[in-house]
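Every chain is numbered from 1, with letters handed out A, B, ... down the list of sequences.
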Protein chains: 2
Amino acid sequence: MERADLHDEHTVFTRTGEFADRDAFTAAGWCAMERSLEVVGTRSAMMLVREAFYGGRRFDDLVRRTGLAETVASKRLRQLVTDGLMERQPYRVPGARTRHEYVLTERGRSLFPLFVALMNWGATNGAQGGVELAHAGCGEPLLPAVRCGAGHDVGIEETEARLAPFGPRSGEQGR
Amino acid sequence: MERADLHDEHTVFTRTGEFADRDAFTAAGWCAMERSLEVVGTRSAMMLVREAFYGGRRFDDLVRRTGLAETVASKRLRQLVTDGLMERQPYRVPGARTRHEYVLTERGRSLFPLFVALMNWGATNGAQGGVELAHAGCGEPLLPAVRCGAGHDVGIEETEARLAPFGPRSGEQGR
DNA sequence: CTGTATCCCAGCGGATACTG
DNA sequence: CAGTATCCGCTGGGATACAG
């Protein structure tokens with residue numbers, strides 16, 4: 001029934017009062033965040049996704065641009081395909097023999113906000129240089145944001161954590 | 001000078017033509033994403049940040065709610081403090097002896113969009129249940145979004161990757 | 001060019017035992 | 001309650017060598 005913690009001045013999220021025991025939050029099955037980390041929680045996975053975003057498709061390019069060892073890239077790509085983030089597609093340039101390329105699936109592309117968030121947070125470290133993401137239309141740099149289903153901008157203090165109701169998830173990816 | 005890749009139908013990001021060699025993207029110093037992963041790329045780090053968002057502050061609570069071993073939590077918390085994501089603050093309940101609590105710094109709180117992105121991506125896996133984040137004002141679930149500095153919504157196809165100019169980073173965290 | 005097989009090391013995370 | 005010290009297994013990632 002508690003809505004606030006002992007030291008309110010440090011409260012970040014509010015929590016709805018549906019749980020007598022705050023530990024129910026943690027115990028409520030697997031956290032969605034941990035599920036994400038199981039798939040894209042490794043450096044190699046995100047680096048390969050990054051290069052796919054940048055347009056890399058051939059094994060050789062992905063290996064060279066990520067700087068990963070071939071063995072690591074090979075194993076991780078196979079897992080990414082298994083996990084449904086990438087597809088291995090055959091293609092042929094006329095006159096050459098058939099090759100394969102790795103392309104992001106829709107699920108893989110839906111990592112876009114996560115990727116932007118990672119890029120932005122790492123870029124606000126005081127470090128400079130490197131690749132920057134920008135809006136192709138106006139040239140302004142990209143920023144991660146948080147909205148609600150009704151379209152409101154949501155700040156961290158206006159966020160509420162609660163147990164999800166049964167039934168399908170209400171939140172799909174925004175564009 | 002290339003703006004598009006060999007197989008345009010699969011191009012994700014466009015790239016500006018400033019680089020004769022596409023590998024310059026990767027070689028351009030450390031990727032900001034990798035810098036992020038060095039700090040929050042472990043399961044334990046993100047779990048502790050998560051619990052801090054949920055309002056956990058005392059060592060004991062953080063350990064129990066994350067399910068981490070004490071040793072792991074201890075080491076990771078120390079590192080999070082070192083990395084500037086958390087602060088260890090003394091406090092006293094009158095009549096009791098001084099205790100410490102871990103509170104997120106502004107830098108730690110700026111992981112909010114990343115956290116939302118991870119939660120949302122894991123929740124769109126077909127799995128159900130668990131904690132859901134919502135807008136305290138209207139009750140709608142939270143969605144990660146991507147905007148540019150001019151306030152436009154940016155989709156993945158309108159994104160351009162380029163080498164950041166010298167000088168301070170233009171992109172600060174949106175709210 | 002696109003991988004796979006092996007071997008190796010470092011780091012993450014857990015179990016146990018012990019301190020203030 | 002709030003940690004630290006030690007030990008230990010597992011996995012991520014790299015090096016080398018080899019194959020279709």
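- A side chain to side chain contact (heavy atoms under 4.5 Å, CB included) with B:Tyr91 is found for exactly one of B:Arg57, B:His100, B:Arg99, namely B:Arg99.
- With rounding to whole Å, B:Met47 atom CE is found 15 Å from C:dC12 atom P.
- Closest to the side chain of A:Tyr102, out of D:dA2, D:dG13, C:dG3, is C:dG3.
- Rounding to whole angstrom units, CZ of residue B:Arg57 and P of D:dC1 are separated by 17 Å.
- Each of A:Arg99 and B:Thr42 was assigned the nucleotide of DNA chain C with the nearest heavy atom; the assignment lying further toward the 5' end belongs to A:Arg99.
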Yes or no on side-chain hydrogen bond (donor to acceptor under 3.5 Å, both in side chains) for A:Glu160 and B:His135, after CA distance, side-chain angles and deciding distance? CA-CA 6 Å; A:Glu160 180 178 272; B:His135 185 192; over 6 Å; no
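- Phosphate proximity of D:dG12 to A:Ser44: absent, as no side-chain N or O sits under 4.0 Å from OP1 or OP2.
- Spacing between atom CG of A:Leu68 and atom P of D:dT16 amounts to 17 Å, rounded to whole angstrom units.
- B:Arg78 places its CZ atom 7 Å from the P atom of D:dA5, with the value rounded to the nearest Å.
- Look at CD on B:Glu38: it is 17 Å from P on D:dG12, rounded to the nearest Å.
- In summary, A:Asp153 and B:Arg147 engage in a salt bridge, as defined by a charged side-chain N under 4.0 Å from a carboxylate O.
- Atom CG in B:Asp61 sits about 9 Å away from atom P in D:dC1, given to the nearest Å.
- By the 6.0 Å and 45° rule, B:Arg107 stacks over the aromatic ring of A:Trp121.
- Computed from coordinates, the A:Arg76 CZ to C:dG3 P distance equals 16 Å when rounded to whole Å.
- Classified by interplanar angle (parallel below 30°, tilted 30° to 60°, perpendicular above 60°), the ring pair A:Phe115/A:Phe53 is tilted.
- Taking every side-chain heavy atom of A:Arg43 into account, D:dG14 is the closest of D:dA2, C:dC1, D:dG14.
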Go through the steps to decide whether A:Met33 and B:Met46 satisfy the test side-chain contact (heavy atoms from CB on, under 4.5 Å), and finish with yes or no. CA-CA 8 Å; A:Met33 190 191 73; B:Met46 281 308 300; 3.7 Å; yes
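- Taking atom CZ of residue A:Arg64 and atom P of nucleotide C:dT2, one finds them 10 Å apart after rounding to whole Å.
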Polar atom pairs (N or O), protein with nucleotides 15-20 of chain C, under 3.5 Å:
| residue | atom | partner | partner atom | Å |
| --- | --- | --- | --- | --- |
| C:dA15 | N6 | B:Thr71 | OG1 | 3.2 |

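- Counting heavy atoms from C-beta on, the side chains of A:Val12 and B:Arg109 come closer than 4.5 Å.
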